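Starting from 1, each residue takes its place in the sequence as its number. Because the structure is predicted, anything quoted here is derived from the model rather than measured.
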Amino acid sequence: QVQLVESGGGSVQAGGSLRLSCVVSGYMTRPYYMAWFRQVPGKEREGVATISTGARGTVYADSVKGRFTISQDNAKNTLGLQMNTLKPEDTAMYYCAAATRVSALWYRLRVIDFDYWGQGTQVTVSS
C-alpha cells in the first residue's frame with residue numbers, strides 16, 4: 001500500500017515562493033509516475049506537474065510553466081514542488097499522487113492515471 005504524505009503548504013503574498021514535499025512509502029515497486037494536482041472548492045482537480053520516475057521526464061500545466069519545478073529525490077523517497085512567483089490564482093489544496101500502472105497518456109496529467117493520493121496541503125496566496 002503506497003502512502004503519500006505532503007507538507008510545506010502555507011500562506012504567502014503574491015510573488016512569493018513555497019516548496020511542497022511529499023514523502024512516499026510502502027511501495028514494493030517504485031511508482032512509474034508522480035505528480036502534483038490542485039483543487040479549489042467547487043472545481044475539478046487539475047494537474048500541475050508530473051514526472052516520470054525512470055526517465056525523469058517532466059510535464060507542466062501551462063498555467064505554471066516557468067514558475068513551478070517538480071523534482072524527485074530517490075534516496076529520500078521524496079517528491080518536491082518548488083513554486084515561485086506565486087499568484088492568487090495558485091491558491092488551492094495541493095495533492096501528491098502516484099501511478100503504479102504504466103500509461104501511454106501519463107503526460108496529460110489525468111486524475112484517472114494516478115491510483116494513490118496524499119491528504120493534501122493548503123496553499124494560500126494573497127494579493
Side-chain angles (χ1 to χ4, degrees):
Q1 182 81 5
V2 178
Q3 295 181 325
L4 309 171
V5 180
E6 304 99 333
S7 62
S11 298
V12 65
Q13 288 192 327
S17 299
L18 282 173
R19 180 175 176 80
L20 305 183
S21 292
C22 173
V23 177
V24 188
S25 63
Y27 58 85
M28 298 296 291
T29 303
R30 185 186 302 163
Y32 290 102
Y33 322 103
M34 299 289 299
W36 290 97
F37 285 76
R38 65 187 182 187
Q39 188 171 23
V40 297
K43 293 190 176 182
E44 293 186 353
R45 192 167 294 188
E46 66 168 348
V48 174
T50 186
I51 185 167
S52 171
T53 60
R56 303 217 177 192
T58 57
V59 177
Y60 296 90
D62 288 343
S63 58
V64 306
K65 279 181 183 176
R67 300 189 298 122
F68 290 11
T69 302
I70 189 171
S71 61
Q72 63 177 30
D73 184 335
N74 290 336
K76 297 181 180 179
N77 291 329
T78 301
L79 181 73
L81 184 69
Q82 179 66 41
M83 305 185 295
N84 298 328
T85 319
L86 282 161
K87 303 176 181 180
E89 51 264 43
D90 294 319
T91 295
M93 184 72 78
Y94 282 72
Y95 297 91
C96 175
T100 59
R101 300 162 297 180
V102 175
S103 171
L105 300 177
W106 68 275
Y107 57 92
R108 290 195 179 179
L109 281 165
R110 305 184 307 173
V111 170
I112 193 172
D113 288 322
F114 294 86
D115 42 358
Y116 292 96
W117 297 83
Q119 81 288 351
T121 185
Q122 178 68 36
V123 171
T124 302
V125 184
S126 58
S127 58

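The cluster map of Ile, Leu, Val, Met, Phe, Trp and Tyr, joined by side-chain heavy atoms under 4.5 Å apart, puts M93 and Y116 in different clusters. A continuous path of hydrophobic side-chain contacts links I70 to L18 [ILVMFWY only; heavy atoms under 4.5 Å].
Between the R108 side chain and the A104 main chain, no donor and acceptor come within less than 3.5 Å of each other. Without hydrogens or angle criteria, Y95 side chain to E6 main chain gives no donor-acceptor distance under 3.5 Å. Of the possible polar contacts, none joining the T69 side chain to the Q82 backbone as a donor-acceptor pair under 3.5 Å is found. A donor-acceptor distance shorter than 3.5 angstrom exists from the side chain of T50 to the backbone of M34, with no hydrogens or angles considered. Of the possible donor and acceptor atoms, one in the side chain of T121 sits under 3.5 Å from a partner among the backbone N and O of G9.
The two residues P88 and A14 make their nearest non-hydrogen contact at CD-CB, 4.1 Å. When every heavy atom of T78 is checked against every heavy atom of S21, the shortest pair comes out as CG2-CB, 4.3 Å. For A99 against D113, the heavy-atom pair with the smallest separation is CB-O, 3.2 Å. Shortest non-hydrogen contact noted between R110 and S103 is NH2-OG, 4.0 Å. In plain terms, the two heavy atoms of V64 and V48 that are nearest each other are CG2-O, 3.5 Å. Contact between L4 and A98 at its shortest, heavy atoms only, is CD1-N, 3.8 Å.
For the atom pair CZ (R30) and OG1 (T53), the distance works out to 5.5 Å, reported to the nearest 0.5 Å. Here NZ of K65 is found 10.0 Å from OG1 of T58. Values are rounded to the nearest 0.5 Å. Note that the CZ atom of R67 and the OH atom of Y60 stand 12.0 Å from one another [nearest 0.5 Å]. Between Q72 atom CD and Y33 atom OH the span is 13.0 Å, to the nearest 0.5 Å. If you take CZ on R38 and OG on S63, they are separated by 4.5 Å, rounding to the nearest 0.5 Å.
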>> Before you tell me yes or no, could you show the steps for Q1 and Y27 under side-chain contact (heavy atoms from CB on, under 4.5 Å), namely the whole-Å CA-CA distance, both residues' side-chain angles and the distance that decides it to 0.1 Å?
In response: CA-CA 6 Å; Q1 182 81 5; Y27 58 85; over 6 Å; no
>> Please determine whether ring pair (Phe, Tyr, Trp, His ring centres under 6.0 Å) holds for the pair F114 and F37, giving the CA-CA distance in whole Å, both sets of side-chain angles, and the decisive distance to 0.1 Å.
In response: CA-CA 10 Å; F114 294 86; F37 285 76; 5.4 Å; yes
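Proximity of V123 to T91: side-chain heavy atoms (C-beta onward) are nowhere separated by under 4.5 Å. Looking at heavy atoms from C-beta onward, S7 lies out of side-chain contact with R19 at the 4.5 angstrom threshold.
A salt bridge between K87 and D90 is absent, with no side-chain N of the basic residue lying under 4.0 Å from a carboxylate O of the acidic one.
Outside the 6.0 Å centre-distance limit, the rings of W36 and F68 are not counted as a close aromatic pair.
Side-chain contact, D115 with T100: a donor N or O sits under 3.5 Å from an acceptor N or O.
Relative to the ring axis of W117, R45 places its NZ or CZ within 45° and under 6.0 Å from the centre.
No more than 12 heavy atoms of other residues, nucleotides or ligands shown are found within 6.0 angstrom of OH on Y32. The 12-atom threshold is not exceeded at CD1 of I112, counting heavy atoms of other residues, nucleotides or ligands nearer than 6.0 Å.
Of the listed residues (L20, D73, I51, V23), just one forms a side chain to side chain contact (heavy atoms under 4.5 Å, CB included) with L79, and that residue is I51.
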